[in-house]
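Quick caveat, the model's predicted, so the values are computed rather than measured. Protein chains get the first letters and strands the later ones, always in sequence-line order, with residue 1 at the start of each.
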Number of protein chains: 2
Amino acid sequence: MRRHELTNPAAAHTDGASHDHAVCIDALLDRAKHSFGEKGLKLTALRLRVLEEIAASHDAVGAYDVLERLAARSGGKVAPISVYRAIEALREAGVVHRLESRNAFFACHAPHLGRHGHMALVCDKCAEVVEVEAPDFHASLQRAGRDRGFAVTSAIAEGFGVCEVCRAEATKPAHEEQS
Amino acid sequence: MRRHELTNPAAAHTDGASHDHAVCIDALLDRAKHSFGEKGLKLTALRLRVLEEIAASHDAVGAYDVLERLAARSGGKVAPISVYRAIEALREAGVVHRLESRNAFFACHAPHLGRHGHMALVCDKCAEVVEVEAPDFHASLQRAGRDRGFAVTSAIAEGFGVCEVCRAEATKPAHEEQS
DNA sequence: GGGCCGATGATATGATATAACACTTGAGCC
DNA sequence: GGCTCAAGTGTTATATCATATCATCGGCCC
């Protein structure tokens with residue numbers, strides 16, 4: 001088993017259950033095309049395939065998971081470095097982020113209008129990642145840094161806990177979990 | 001070169017230059033003894049050696065850096081897993097933290113009285129890590145999460161920028177940098 | 001002194017990420 | 001068309017980070 005197995009099929013409730021994920025993906029692809037164009041980058045076939053695998057769920061996935069899924073889907077084999085390079089481009093375009101605490105990557109479904117100040121919330125049960133805006137976070141970090149003479153230029157924040165769906169499931173009797 | 005070479009000898013200004021680091025270490029060791037005792041853990045010889053290596057600077061160091069330094073200092077070889085186990089114990093005791101964005105570890109010189117709400121500021125130039133209190137951070141994260149039905153139980157925050165000393169050096173003419 | 005348990009040793013392997021160099025391809029230019 | 005250039009990708013090898021598993025050792029309790 002992968003060291004950080006973030007995709008827990010038994011607990012997965014993301015895909016198809018609680019929302020129409022096709023909408024998420026469509027919006028994301030649109031934004032990706034736009035963003036790549038803006039930055040003078042190209043949304044190539046490989047990059048698109050990688051993005052589709054990452055965006056297939058709201059979970060954070062490892063680069064080697066992406067690799068396996070690409071292979072499973074298309075048969076042709078891709079080298080790790082190719083996946084990493086594609087991810088790097090997707091990150092530059094702002095459509096994929098890295099979950100630092102897990103060495104994994106997730107699709108960004110909510111463009112950060114305010115540049116900084118977003119946080120990732122990771123569900124310990126189902127591995128889903130949601131991003132929340134936290135406009136005061138960056139300011140507060142900058143203030144805290146300034147007191148120490150430290151000029152903060154960028155920051156990350158990751159929170160861990162239990163998401164809404166998993167909390168609801170946890171309070172249900174066990175025999176209803178399949179309903 | 002290490003992928004994440006966090007200790008930059010050329011830029012290092014931590015050791016001996018800007019403060020009496022022996023004081024930091026003494027305080028830290030005191031706190032470690034106390035904390036291990038409180039938690040029913042043992043501050044064994046190996047754990048102490050690992051702590052000393054990590055605490056030797058204010059930089060974040062990789063587990064394998066610690067490994068090499070232990071070997072260089074004592075000659076005897078230690079297995080990676082032993083270092084990781086020691087680090088894990090030190091983290092439980094609260095005297096060492098993990099810098100998630102760098103897969104590295106640093107000594108905690110400022111006990112977190114308020115449980116959560118600390119952030120690590122990492123200097124991009126010299127790799128030094130300083131921790132700052134940010135009492136509002138955890139609360140704000142919890143608030144943001146609650147709006148989404150997400151119950152946040154723990155969090156990390158890491159900021160990046162340039163520390164006071166490096167900023168001062170950057171504004172000095174080059175020929176004065178050795179002064 | 002025998003059993004238990006936490007810590008460490010020893011060995012092997014898994015998981016994550018990048019280096020270095022070659023090849024392809026398409027855009028811009030003449 | 002043919003040229004050049006740069007971005008992207010392929011190929012191979014390797015660096016770096018982390019854990020699984022089982023054996024052993026040494027204190028502690030009774």
Taking only the side-chain nitrogens and oxygens of A:Arg102, find out if one of them lies under 4.0 Å from OP1 or OP2 of C:dA15.
no

A:Ala63 side chain: which of C:dA7, C:dA17, C:dT8 is closest?
C:dA17

Nearest nucleotide by nearest heavy atom, which residue falls closer to the 5' end of DNA chain C, B:Ala45 or B:Ala79?
B:Ala45

Looking at B:Arg47, does any N or O in its side chain come under 4.0 Å of the phosphate oxygens OP1/OP2 on C:dT8?
yes

Whole angstrom is fine here: how far is it from CG in B:Leu70 over to P in C:dG9?
10 Å

Cationic N near anionic O, under 4.0 Å, A:Asp124 to A:Arg102:
yes

Integer-rounded Å distance: C:dA15 P and A:Glu68 CD
9 Å

Is B:Arg98 close enough to D:dA18 that one of its side-chain N or O atoms is under 4.0 Å from OP1 or OP2 there?
yes

Closer than 4.0 Å, any side-chain N/O of A:Asn103 to the OP1 or OP2 of C:dA17?
yes

Under 4.0 Å between a side-chain N/O of A:Thr44 and OP1 or OP2 of D:dT9, yes or no?
yes

Is any N or O donor-acceptor pair between the side chain of B:Arg85 and the base of C:dG9 shorter than 3.5 Å?
yes

Whole angstrom is fine here: how far is it from CD1 in A:Ile81 over to P in D:dT9?
12 Å

Out of curiosity, B:Phe160 CZ to A:Thr153 OG1, how far, rounded to the nearest 0.5 Å?
9.0 Å

Within less than 4.0 Å of OP1 or OP2 of D:dC17, is there a side-chain N or O belonging to B:Tyr64?
no

Value in whole Å for how far the P atom of C:dA17 lies from CD of A:Glu88:
11 Å

Rounded distance in Å - CZ (B:Arg49) to P (C:dT8):
11 Å

B:Pro80 side chain: which of D:dT19, D:dT21, D:dG8 is closest?
D:dT19

If we count only N and O atoms by modelled type, under 3.5 Å, do the side chains of A:His58 and A:His19 hold a donor and an acceptor together?
yes

Any B:Tyr84 side-chain nitrogen or oxygen under 4.0 Å from OP1 or OP2 of D:dA18
yes

Between B:Arg91 and B:Glu88, is there a salt bridge with N-O shorter than 4.0 Å?
yes

Atom pair distance, as rounded to whole Å: CG in A:Leu67 and P in C:dA17:
12 Å

Atom-pair distance (NZ on A:Lys77; P on D:dG10), nearest Å:
10 Å

Is the backbone N or O of A:Val61 less than 3.5 Å from a side-chain atom of A:Asp59, with the two atoms forming a donor-acceptor pair by type?
no

Separation of atom CD in B:Glu100 from atom P in C:dT16, rounded to whole Å
14 Å

